[in-house]
Amino acid sequence: MLIVTTETIGGKRIVKSLGLVRGNTVRARNVGKDITAGFRALVGGEIAEYVKLMAEAREQSVDRMIDAAEELGANAIVGTRFTTSMVMSGAAELLTTGTAVIVEDE
C-alpha cells in the first residue's frame, strides 16, 4: 500500500478514487509514566514516554486507515493527514485520514 501526504504519486496515475478512509485510536496516559515524565519535565529535554505513546498511536491509526482502504480495494492512499484532539483529561485521540485510490504505473 502506497501512502503519501501529497495529492499525487510520482510515476503513477490515479485511475479511480474510492473515497475517504480513516483510522483512529484514543490513548490514555499511564500514571507511572506521568511521574517519570514529570521529573523529566523539571530538568528539560525530550519526554520519551510520551514520544513512544504517540508513535504507537500513529502506527495504530495508520494501520486502521490501511485496513479501511484495503476493504475498498485501494492500492494507495493520497492526501494523508494526522489530527490530534484531547477527548478528556489525560486522553487524546489520534485520527488519520486520506483518500483511498487505485493507481497504475504511467
Is any side-chain heavy atom of [X] closer than 4.5 Å to a side-chain heavy atom of [Y]?
X: Val103; Y: Asn75; answer: yes
X: Thr97; Y: Thr83; answer: no
X: Val78; Y: Ile14; answer: yes
X: Thr80; Y: Val4; answer: no
X: Thr96; Y: Arg58; answer: no
X: Ile3; Y: Met65; answer: yes
X: Leu2; Y: Lys12; answer: yes
X: Leu94; Y: Met54; answer: yes

Return the minimal non-hydrogen interatomic distance between [X] and [Y], and the atom names on each side.
X: Val21; Y: Ala100; value: CG1-CB, 3.7 Å
X: Arg27; Y: Ala57; value: CG-CB, 3.8 Å
X: Met86; Y: Met88; value: CG-O, 3.3 Å

Do [X] and [Y] sit in the same hydrophobic cluster, where Ile, Leu, Val, Met, Phe, Trp and Tyr count as joined when their side-chain heavy atoms come under 4.5 Å apart?
X: Phe82; Y: Leu53; value: no
X: Leu72; Y: Val15; value: yes
X: Met1; Y: Ile102; value: yes
X: Leu18; Y: Val62; value: yes
X: Leu95; Y: Ile66; value: no

In Å, rounded to the nearest 0.5 Å, how long is the span from NZ of Lys52 to CD of Glu56?
5.0 Å
When you measure from the side chain of Arg81 to the backbone N and O of Thr5, does any donor-acceptor pair fall under 3.5 Å?
yes
Verdict with supporting geometry, Glu106 and Arg13, side-chain contact (heavy atoms from CB on, under 4.5 Å)
CA-CA 6 Å; Glu106 289 185 329; Arg13 74 173 179 279; 4.2 Å; yes
Can Thr99 and Ser17 be said to form a side-chain contact (heavy atoms from CB on, under 4.5 Å), step by step?
CA-CA 7 Å; Thr99 302; Ser17 177; 3.5 Å; yes
